[in-house]
Amino acid sequence: MLFTPSIMDIYFYILHVMKMRTHENTIVRSYDRELRTRFQKEMKNAVDKDRDGLFTIDEISCLLHNIGARDCLSVEQLRQMFDEISATSDNTNSNSNSSQKRHIPVESLDKFFEGE
């Protein structure tokens, strides 16, 4: 004997599937937020090696080297980027030739991620 589902059986099956998908979507969204937060924290830790709350050109250069992207940005391009960011965030430095004195506050990365 072959089972023939009634309209109610089909209706309850559809409801069940919808609840499962809603639950799965909730789990995925939660995981996505957690993963993004963890990535931000790990990114900050990877860049700010001395934990002084500032990103320096040397720290960014080291990160680029470590991930195999050393040739993507020259030190001069990094200096220009730091100068532009410093000018907009009032962190200008009088001695612009010293990469040691150029820095970006770690909080700027938070602002960057919030903009996504």
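Every value quoted in this text rests on a predicted model; they were computed, and no experiment measured them. Atom set for the values below is all heavy atoms of this structure, side chains included, hydrogens, waters and symmetry mates excluded.
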Considering only NZ, NE, NH1 and NH2 on the basic side and carboxylate oxygens on the acidic side, decide whether Glu34 and Arg38 come within less than 4.0 Å. yes
To the nearest 0.5 angstrom, please state how far the CG atom of Leu64 sits from the CD1 atom of Ile60. 7.0 Å
Separation between CD1 of Ile57 and CD of Glu76, rounded to the nearest 0.5 Å: 8.5 Å
Give a yes or no on whether Ile7 atom CD1 has more than 12 heavy-atom contacts from other residues, nucleotides or ligands under 6.0 Å away. no
Take Met81 and Leu73 through the side chain to side chain contact (heavy atoms under 4.5 Å, CB included) test and state the conclusion after the steps. CA-CA 10 Å; Met81 289 172 51; Leu73 288 171; 4.0 Å; yes
Where Phe82 and Phe55 come nearest, the two heavy atoms and their spacing: CE2-O, 3.3 Å
Closest approach of Leu54 to Asp50 (non-hydrogen atoms, all atoms of both residues): O-OD1, 4.5 Å
Ile10 with Met18, same ILVMFWY side-chain cluster at under 4.5 Å: yes
Cluster overlap Ile67 with Met43, hydrophobic side-chain contacts below 4.5 Å: yes
Does this structure show an ion pair linking Asp32 with Arg36, if we count only N-O contacts that are shorter than 4.0 Å? yes
Not counting sequence neighbours, which residues clear side chain to side chain donor-acceptor pair (under 3.5 Å) with Asn66? List them please. none
Point-to-point distance, once rounded to the nearest 0.5 Å, from OG of Ser61 to CZ of Arg79: 8.5 Å
Residues clustered with Tyr11, ILVMFWY side-chain links under 4.5 angstrom: Met8, Phe12, Leu15
So among Leu63, Ile104, Val106, Thr56, which one has a side-chain contact (heavy atoms from CB on, under 4.5 Å) with Val47? Leu63
Interatomic distance, NZ@Lys49 vs CG@Asp58, rounded to 0.5 Å, equals 13.5 Å
Under a 4.0 Å threshold between the charged nitrogen and the carboxylate oxygen, would Glu24 count as salt-bridged to Arg21? no
To the nearest 0.5 Å, tell me how far Lys19 NZ sits from Thr22 OG1. 9.5 Å
Side-chain donor-acceptor pair present, Ser6, Asp9, cut-off under 3.5 Å: yes
Just verifying a value: how many Å separate Leu78 CG and Glu59 CD, rounded to the nearest 0.5 Å? 12.0 Å
